[in-house]
Amino acid sequence: MGSWLFGTQGDCDDEGTILSFSTLNITTDAQLEEYIPTHWSQHATATQVTQLMKYYPSDPAQGSPVWNGWPNRSGKQNIWMYLNKRLKLTPFLGSFHASDLLNMYNGGDMASYLVRFVANLDPNVGDGTDLYWPQYDAGTNRTMLEFFDGIFSTQALTTDTYRAEAIAYVVNLTLESPF
């Protein structure tokens, strides 16, 4: 991919919840510890699985363990990152996978950013009425635009520090023990 490519990339806060229905039979930590080396990372050692369980405890308050690799392209490509936290109160799912598309393609405030990006390769070019969305850079500016439910304000800037150590562990584990 050339450095001329531009992109917007985002994630829903509870991205993996809707994708977990295929593993509803896993209801305990012990079952998950057995599932990981059997179905996910077949070469993972018991020590690696134990460490993974420490990074991702069965505490729903810790959020969904998701990461997508786009930050690695920052500095090489112009990227604007967002985090969707809308629909957090959706029972069992929270801000589920693809819930951001409702805001993006049904005329929500995310749509105006997308239109400006497609027209100008920059989501900030325009009338200046929306919150300025800084370009993301994993090395120097890990700022993301956050969309959330609210009455008066539904956007904010946030810093991408989400589970950095745990995500690095998962990346290294998948490199050492591919699927």
Side-chain angles (χ1 to χ4, degrees), residues 1-102 104 134-148 158-179:
M1 293 189 170
S3 61
W4 53 270
L5 294 176
F6 294 71
T8 60
Q9 172 66 30
D11 196 15
C12 296
D13 200 38
D14 301 308
E15 187 78 37
T17 54
I18 203 165
L19 305 174
S20 68
F21 288 121
S22 65
T23 57
L24 287 177
N25 58 325
I26 299 173
T27 58
T28 67
D29 286 351
Q31 290 171 331
L32 181 59
E33 288 176 21
E34 182 181 327
Y35 178 87
I36 291 170
T38 304
H39 300 285
W40 182 67
S41 186
Q42 296 177 356
H43 303 288
T45 66
T47 303
Q48 290 171 321
V49 172
T50 299
Q51 184 62 41
L52 187 63
M53 297 297 289
K54 287 180 184 175
Y55 279 125
Y56 294 99
S58 58
D59 176 8
Q62 295 290 320
S64 177
V66 176
W67 181 76
N68 57 38
W70 271 82
N72 287 337
R73 297 180 187 190
S74 71
K76 300 176 189 134
Q77 299 171 324
N78 296 328
I79 295 177
W80 289 264
M81 300 281 287
Y82 69 86
L83 177 62
N84 179 56
K85 289 189 173 185
R86 297 233 169 116
L87 303 175
K88 282 296 282 184
L89 298 179
T90 305
F92 306 107
L93 300 177
S95 296
F96 57 91
H97 176 69
S99 63
D100 53 340
L101 299 180
L102 299 171
M104 190 177 293
Q135 187 173 320
Y136 185 94
D137 184 304
T140 60
N141 185 16
R142 299 177 65 94
T143 303
M144 300 186 303
L145 181 59
E146 181 178 317
F147 294 91
F148 53 89
T158 187
T159 303
D160 179 15
T161 59
Y162 187 68
R163 288 188 170 170
E165 187 178 345
I167 289 168
Y169 184 80
V170 170
V171 169
N172 288 330
L173 178 60
T174 56
L175 291 172
E176 292 173 15
S177 304
F179 301 109

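Start at 1 with the first residue, then count along the sequence. All values derive from a computational prediction rather than experimental measurement.
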Exercise. What do the steps show when you test Leu52 against Lys54 for side chain to side chain contact (heavy atoms under 4.5 Å, CB included), and what is the final call?
Worked result: CA-CA 5 Å; Leu52 187 63; Lys54 287 180 184 175; over 6 Å; no
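- Using a 4.0 Å cut-off between a side-chain N of Lys or Arg and a carboxylate O of Asp or Glu, Asp13 and Lys88 qualify as a salt bridge.
- Ala44 meets the side-chain contact (heavy atoms from CB on, under 4.5 Å) test with Ser41, Gln48, Val49, Leu173; sequence neighbours excluded.
- Although no hydrogens or angles enter the test, the distance criterion places no donor-acceptor pair under 3.5 Å between the side chain of Thr140 and the main chain of Asp137.
- Of the possible polar contacts, none joining the Arg86 side chain to the Phe147 backbone as a donor-acceptor pair under 3.5 Å is found.
- When the side-chain contact (heavy atoms from CB on, under 4.5 Å) test is applied to Thr28, the partners found at least two apart in sequence or on another chain are Ala30, Gln31.
- Here the OG1-CG distance, from Thr90 to Leu93, works out to 6.5 Å after rounding to the nearest 0.5 Å.
- Atoms CE and CD1, from Met53 and Ile36 in turn, are 5.5 Å apart once rounded to the nearest 0.5 Å.
- For the atom pair Asn25 CG and Tyr35 OH, the distance stands at 8.5 Å (nearest 0.5 Å).
- Residue Tyr82 is tested with Asp11, Thr158, Asp100 for a side chain to side chain contact (heavy atoms under 4.5 Å, CB included); the sole match is Asp100.
- Residues Leu102 and Met104 are not in side-chain contact: their nearest non-hydrogen atoms beyond the backbone lie 4.5 Å or more apart.
- Below 30°, between 30° and 60°, or above 60°: for Tyr55 and Tyr169 the angle between ring planes is between 30° and 60°, a tilted geometry.
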For this session: Show your reasoning for whether side chain to side chain contact (heavy atoms under 4.5 Å, CB included) applies to Trp40 and Thr38.
Result: CA-CA 6 Å; Trp40 182 67; Thr38 304; over 6 Å; no
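- Note that CD of Glu33 and CD1 of Ile26 are 11.5 Å apart. Values are rounded to the nearest 0.5 Å.
- For the residue pair Tyr136/Asn141, the side-chain donor-acceptor check at 3.5 Å is not satisfied.
- The backbone N or O of Asp160 sits less than 3.5 Å from a side-chain atom of Arg142, completing a donor-acceptor pair.
- Distance check, rounded to the nearest 0.5 Å: OG1 of Thr50 to CG of Asp29 gives 11.0 Å.
- Using modelled atom types, one finds a donor on one side chain and an acceptor on the other under 3.5 Å when comparing Ser99 with Asn84.
- Annotation: side chain of Leu145 is not in contact with side chain of Trp80 (no heavy-atom distance under 4.5 Å).
- Put simply, CG on Leu83 and CD on Glu146 are 5.5 Å apart, with the number rounded to the nearest 0.5 Å.
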